[in-house]
Amino acid sequence: MKSGRQRVLPIFYHVDPSDVRRHRGIFGKALAKHEENSENMESVQTWKDALTQVANLSGWDSRNKNEPLLIKEIVTDVLNKLLSTSISDTENLVGIDACMQEIEMQLCLESGDFLMVGIWGMGGIGKTTLAKAIYRKISSQFEACCFFENVGEDLAKEGLIRLQQKFPSQLLEEPNLNMKVLTSIKRRLHLKKVLIVLDNVNDPIILKCLVGNQDWFGQGSRIIITTRDQRLLISHGVLNYYEAQRFNYDEASEFLAPYSLKHKIPCDDFMELSKEVIGYAQGVPLALEVLGSFLFSMTKEEWRNQLDKLKSTPNMKIQEVLKVSYDGLDDKEKNIFLDIACFFKGEDKDYVMEILDGCGFFSLSGIRALIDKSLITISSNELMMHDLIQEMGREIVRQQSLEEPGKRSRLWFHEDIYDYVMLMKANFKVNFLSSQVLEKLKFMDLSYSRYLIETPNLSGVTNLKRLVLEDCVSLCKVHSSLGDLKNLNFLNLKNCKTLKSLPSSTSNLKSLEICILSGCSKFEEFPENFGNLEMLREFYADEIAIGVLPSSFSFLRNLKILSFKGYKGPPSTLWLLPRSSNSIGSILQPLSGLCSLINLDLSDCNLSDETNLGSLGLLSSLKELYLCGNDFVTLPSTISRLSNLEWLELENCKRLQVLSELPSSVYHVDAKNCTSLKDISFQVLKPLFPPIMKMDPVMGVLFPALKVFIPGSRIPDWISYQSSGSEVKAKLPPNWFNSNLLGFAMSFVIFPQVSEAFFSADVLFDDCSSFKIITCSLYYDRKLESDHVCLFYLPFHQLMSNYPQGSHIKVSFAAFSMDAGIAIKRCGVGLVYSNEDLSHNNPSMSQFNSIFSPPLSPNKSTVVLEEIHEGEPNGNGCSNVDGLEEENSEYQTADEEEPSTATACSEDHSESEMRPQKRFKGRHDKDIP
């Protein structure tokens with residue numbers, strides 16, 4: 001802090017800042033204890049000074065504040081400070097302050113109108129650097145921000161449609177944004193004040209399709225456009241623009257000074273060299289950077305020799321200046337540079353290095369040389385290159401043969417490639433898959449080859465590791481040479497909609513780890529010995545229509561992930577599961593052979609109660625089971641045998657009425673939109689109450705050990721303390737914390753209108769000791785059709801050593817989302833005990849009523865609700881709370897009620913009294929302390 005390199009933002013959490021400043025209270029006691037030892041005096045004084053200094057800093061006082069809102073305030077403030085302090089990166093950018101001031105004037109940030117501003121100038125002059133500096137400085141003033149770097153290149157590589165999909169997804173920070181709901185997306189953007197930077201725009205269609213209408217964005221929005229073409233801005237009506245300027249001599253000298261310091265160049269030599277470099281770079285920052293990195297690392301004799309070469313080329317263009325650095329590379333480094341310029345810009349570094357090493361180019365040292373010479377950079381492990389340098393590299397290749405592209409060392413433009421292939425095909429001069437050419441090939445991607453009918457002979461590419469044939473919609477045959485690929489570990493045939501089978505040689509792929517057949521809607525036959533793929537770990541076969549699996553399938557002992565989502569065949573022939581004895585066809589062997597399977601997806605497979613699901617219980621290692629969108633009424637009882645099952649997804653099982661007993665290992669049950677679900681009994685849930693709670697060591701927050709998400713608008717009655725809104729307070733029974741306590745059950749009711757939401761709960765004891773719980777993070781790609789109840793459980797034995805055993809509890813729930821529309825309608829908290837506890841006035845039976853039906857009349861343990869409005873549903877069916885709260889107390893009690901209240905409730909719910917009551921005796925779990 002004293003060094004000026006740290007910023008301290010104090011949070012006074014349930015602490016009076018004046019106590020910190022004046023060393024009173026618990027701070028004073030602690031300091032006084034340390035002062036008893038004379039050896040600590042110097043340290044104590046240091047601590048006192050630090051406490052005083054911290055208390056005088058601007059920070060947050062948590063007392064009497066809503067904690068979720070306080071946390072949100074802190075996070076927002078810290079984020080803004082991080083964004084603003086990142087501007088310190090501009091301190092070393094020569095001449096940028098004056099440029100930024102001028103652009104900020106053009107932006108008119110104080111105006112609430114929509115505005116577009118352009119930054120134009122030649123390549124390499126610093127337009128992107130300037131736009132990034134502005135973006136970092138002002139982005140905290142906007143509700144949504146996005147920097148689309150090199151958008152012109154994205155248009156060329158991915159096309160306009162993909163660019164239009166990517167734009168709102170990145171702006172709204174939703175990678176899986178559903179573009180089918182375009183009206184909703186436009187409405188959301190229209191309500192937001194956004195900051196968008198479109199970098200390196202080279203085609204007016206980009207502006208027309210991405211930001212063509214100012215009504216798409218909220219008031220006060222700003223669009224910044226960088227381009228080399230001033231006319232492009234004017235034609236789109238962008239009248240506010242700034243022309244990026246070249247460095248003058250003094251600025252260029254300042255820019256080069258760090259190179260002199262780095263390489264310890266004598267002052268006189270620096271003056272001589274910098275004068276020459278500035279002259280050739282013509283004030284262009286990129287040229288200065290490349291020449292500086294290249295020449296300043298040389299001896300005096302070497303850089304003078306290089307300057308003599310430059311002098312021999314009159315009227316030199318900037319690209320020719322940049323080529324000086326390329327000329328200084330050795331042959332292998334030149335090849336690496338040209339490969340990156342032509343093929344690998346923006347690709348993963350490790351992926352590219354593996355390819356380059358296969359060509360014998362020594363990629364590690366080569367890439368380091370390119371970085372040192374400022375020809376490439378690495379960002380997020382991706383190889384990046386300025387487009388001006390890329391153009392220079394590609395021009396070097398073009399110059400190899402201006403008239404005949406086929407004579408060049410590299411082809412990257414699709415028309416040149418097509419012409420060359422057609423020429424070679426006509427002259428019968430080349431076999432692209434000959435062993436002589438492709439013996440070192442490791443990756444082959446022929447995706448989207450619409451006219452590919454049969455894969456070529458692959459026997460000459462035995463070192464191939466990845467074969468991708470995704471969306472080859474005409475592919476109907478895979479060549480038998482597939483089995484020769486002993487090193488193949490990844491095979492992707494996704495959406496090959498004409499493919500019906502694989503060759504029998506597929507079973508020879510002893511290294512295959514991942515196989516994808518999803519979307520092969522006509523696929524009807526596996527090789528009989530498919531189970532010989534002993535290394536197969538992941539198998540995705542969504543939406544295929546095969547009738548029978550080979551018996552060898554059970555031999556896939558290393559298979560961990562298996563997905564048949566959207567199976568298209570009739571349920572009676574579902575090949576995964578054994579069929580009944582009267583079914584047509586042979587009965588498959590049990591799936592017990594899949595001893596490593598941890599993730600199984602049978603969503604949308606048209607499964608019903610008539611389908612034999614009993615073999616699911618044989619999957620002893622299964623941890624995640626997805627059964628969404630099926631037609632069964634009850635779950636198979638054999639699921640209770642899945643002793644390692646943790647995650648159960650049942651979303652949109654519309655006919656599901658009852659959940660059978662689940663294994664105690666389950667901690668997540670998602671039954672969104674299971675609209676027929678009638679009852680989840682306490683008997684089903686209680687075995688799921690584990691003694692262990694999860695904690696995030698970084699965030700210091702707790703995660704529930706059990707989560708259940710189901711349709712409904714009522715919180716179960718056995719969750720004793722309930723309230724409308726997002727907060728519940730309660731007075732706990734005397735001696736509530738005892739050896740029979742398992743933990744707390746909590747619940748809330750929501751009807752969110754968004755696709756993704758995040759929920760948390762703050763638990764406070766006696767207004768002094770608290771902790772935060774991340775209750776759940778929900779994602780749903782289908783609209784919720786009704787209110788939903790979230791139930792979760794918190795084991796408490798391991799926590800109470802750190803928290804006082806208070807007599808009052810307050811739980812505050814909060815919902816967070818990028819969108820509006822989330823409301824917590826109701827919430828509740830209840831104690832969970834292992835068995836009968838009469839001495840503390842706890843019921844000997846745990847009572848549970850349907851979430852969907854009116855509750856039963858209350859008994860001695862029934863909880864009264866606070867803040868109940870007339871006519872509002874509640875967990876007990878009582879609307880009269882008079883006389884049930886202690887004087888001057890905001891808290892509910894579980895052991896106080898008046899006869900009149902109980903009578904009123906009974907009269908109001910006589911119908912429910914006639915219905916049989918379900919009661920379940922709590923049982924003691926020996927594993928629970």
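Count residues from 1 along the sequence.
- Side-chain atoms of Ile378 and Met384, non-hydrogen and from C-beta on, never get closer than 4.5 Å to each other.
- Tyr326 and Phe337 have tilted rings, their planes meeting at an angle from 30° to 60° on a 0 to 90° scale.
- In this structure the side chain of Leu210 reaches within 4.5 angstrom of the side chain of Gln164, judged on heavy atoms.
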Steps toward side chain to side chain contact (heavy atoms under 4.5 Å, CB included) verdict (Leu512, Met535): CA-CA 6 Å; Leu512 190 64; Met535 298 303 295; over 6 Å; no
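- The environment of Lys510 atom NZ is dense: over 12 non-hydrogen atoms of other residues, nucleotides or ligands sit within 6.0 angstrom.
- Side-chain atoms of His236 never come within 3.5 Å of backbone atoms of Val238 as a donor-acceptor pair (strictly under, hydrogens ignored).
- Residues Asp199 and Asn150 have side chains that never bring a donor and an acceptor to within less than 3.5 angstrom of each other.
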Could you give me the CA-CA distance, side-chain angles and deciding distance for Leu509 and Thr506, then say whether side chain to side chain contact (heavy atoms under 4.5 Å, CB included) is met? CA-CA 6 Å; Leu509 300 176; Thr506 303; 4.0 Å; yes
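- Remark: of the listed residues Asp484, Leu488, Leu467, Leu467 is the sole one forming a side chain to side chain contact (heavy atoms under 4.5 Å, CB included) with Leu458.
- Residues Tyr420 and Leu411 are in side-chain contact: their nearest non-hydrogen atoms beyond the backbone lie under 4.5 Å apart.
- When all heavy atoms are compared, the tightest approach of Met353 to Ile367 is CG-CD1, 3.5 Å.
- Results of the side chain to side chain contact (heavy atoms under 4.5 Å, CB included) test with Lys127 over Asn200, Ile119, Thr227 single out Ile119 as the only residue that passes.
- Annotation for Gln106 and Asn240: closest pair O-ND2, 3.3 Å, computed over non-hydrogen atoms.
- Under the 4.0 Å criterion applied to side-chain N and carboxylate O atoms, Asp330 and Lys334 are not assigned as salt-bridge partners.
- For Ser169 (side chain) and Gln165 (main-chain N/O), no donor-acceptor pair under 3.5 Å exists by modelled atom type.
- Every pair passing side chain to side chain donor-acceptor pair (under 3.5 Å) that includes a residue from residues 393-406 is listed here, sequence neighbours excluded: Glu395-Arg398, Glu395-Gln399, Gln400-Ser409, Glu404-Lys407.
- A side-chain donor-acceptor contact under 3.5 Å links Ser505 to the backbone of Ser480.
- For the atom pair CG of Leu338 and CZ of Arg408, the computed distance is 13.0 Å after rounding to the nearest 0.5 Å.
- In this structure a side-chain-to-backbone donor-acceptor pair under 3.5 Å is present from Glu302 to Thr299.
- Leu517 CG to Leu499 CG: the interatomic distance, rounded to the nearest 0.5 Å, is 7.5 Å.
- Under the rule for a salt bridge (Lys or Arg N to Asp or Glu O under 4.0 Å), the partners of Arg231 that lie at least two apart in sequence or sit in another chain are Asp229.
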Apply salt bridge (charged side-chain N to carboxylate O under 4.0 Å, His left out) to residues Asp471 and Lys497 and explain how you reach the verdict. CA-CA 8 Å; Asp471 277 295; Lys497 299 182 182 299; 6.0 Å; no
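- A salt bridge links Lys345 to Glu153: at least one charged side-chain nitrogen sits closer than 4.0 Å to a carboxylate oxygen.
- If you check the side chains of Ser511 and Asn489, you find no donor sitting under 3.5 Å from an acceptor.
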Side chain to side chain contact (heavy atoms under 4.5 Å, CB included), that's the test. Do Leu160 and Cys209 meet it? Break it down for me. CA-CA 8 Å; Leu160 182 60; Cys209 293; 3.7 Å; yes
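- Rounding to the nearest 0.5 Å gives a distance of 9.0 Å between CG of Leu536 and CD of Glu513.
- Ion pairing of Lys132 with Glu149 is present here, as a side-chain N (NZ or NE/NH1/NH2) and a carboxylate O approach within less than 4.0 Å.
- The environment of CZ in Phe343 is crowded: more than 12 heavy-atom neighbours from other residues, nucleotides or ligands sit within 6.0 Å.
- Ser253 and Ile278 get closest at one heavy-atom pair: OG-CD1, 3.5 Å.
- Heavy atoms from other residues, nucleotides or ligands lying under 6.0 Å from CD1 of Ile205 number more than 12.
- Side-chain contact between Ile371 and Leu375 is absent, with no heavy-atom pair separated by less than 4.5 Å.
- The heavy-atom pair separating Gly292 from Leu256 by the smallest distance is CA-CD2, 4.2 Å.
- The existence of a salt bridge linking Arg304 and Glu272 is confirmed by a sub-4.0 Å separation between a basic side-chain nitrogen and an acidic carboxylate oxygen.
- Side-chain contact check for Leu475 versus Ile453: every heavy-atom pair is 4.5 Å or farther apart.
- No more than 12 heavy atoms of other residues, nucleotides or ligands shown are found within 6.0 angstrom of CG on Asp331.
- The local environment of NZ in Lys486 is crowded, with over 12 non-hydrogen atoms from other residues, nucleotides or ligands closer than 6.0 Å.
- Side-chain contact between Ile516 and Leu491 is absent, with no heavy atoms from C-beta onward closer than 4.5 Å.
- If you take NZ on Lys494 and CG on Asn492, they are separated by 7.5 Å, rounding to the nearest 0.5 Å.
- No side-chain heavy atom of Val468 sits under 4.5 Å from any side-chain heavy atom of Leu446.
- Within a 6.0 Å radius of CG in Leu402, more than 12 heavy atoms belonging to other residues, nucleotides or ligands are found.
- Across all their heavy atoms, Ser363 and Ile336 have their closest contact at CA-CD1, 4.0 Å.
- Ring geometry, Tyr135 versus Phe147: the interplanar angle exceeds 60°, so the pair is classed perpendicular (tilted spans 30 to 60°).
- With contacts defined as side-chain heavy-atom distances shorter than 4.5 Å, the pair Met100/Leu130 qualifies.
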Mind running side chain to side chain donor-acceptor pair (under 3.5 Å) on Glu538 and Tyr540 for me, showing each step along the way? CA-CA 7 Å; Glu538 300 178 23; Tyr540 303 91; 2.7 Å; yes
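- Rounded to the nearest 0.5 Å, atoms CG (Asp419) and CZ (Phe413) are 9.5 Å apart.
- Checked by atom type and distance alone, the side chain of Asn487 pairs as donor or acceptor with a backbone atom of Thr462 at under 3.5 Å.
- The closest donor-acceptor contact from the side chain of Glu276 to the backbone of Leu273 lies at 3.5 Å or more, if one exists at all.
- Phe443 does not carry Arg466 over the face of its six-membered ring by the limits of under 6.0 Å from the centre and within 45° of the normal.
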Apply the test side chain to side chain contact (heavy atoms under 4.5 Å, CB included) to residues Trp120 and Thr226: give CA-CA distance (whole Å), side-chain angles for both, the deciding distance (0.1 Å), then the verdict. CA-CA 6 Å; Trp120 77 278; Thr226 73; over 6 Å; no
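- Across all non-hydrogen atoms, the minimal contact from Leu288 to Ala252 is CD1-CB, 3.9 Å.
- Remark: Lys208 NZ to Asp203 CG distance equals 11.0 Å, nearest 0.5 Å.
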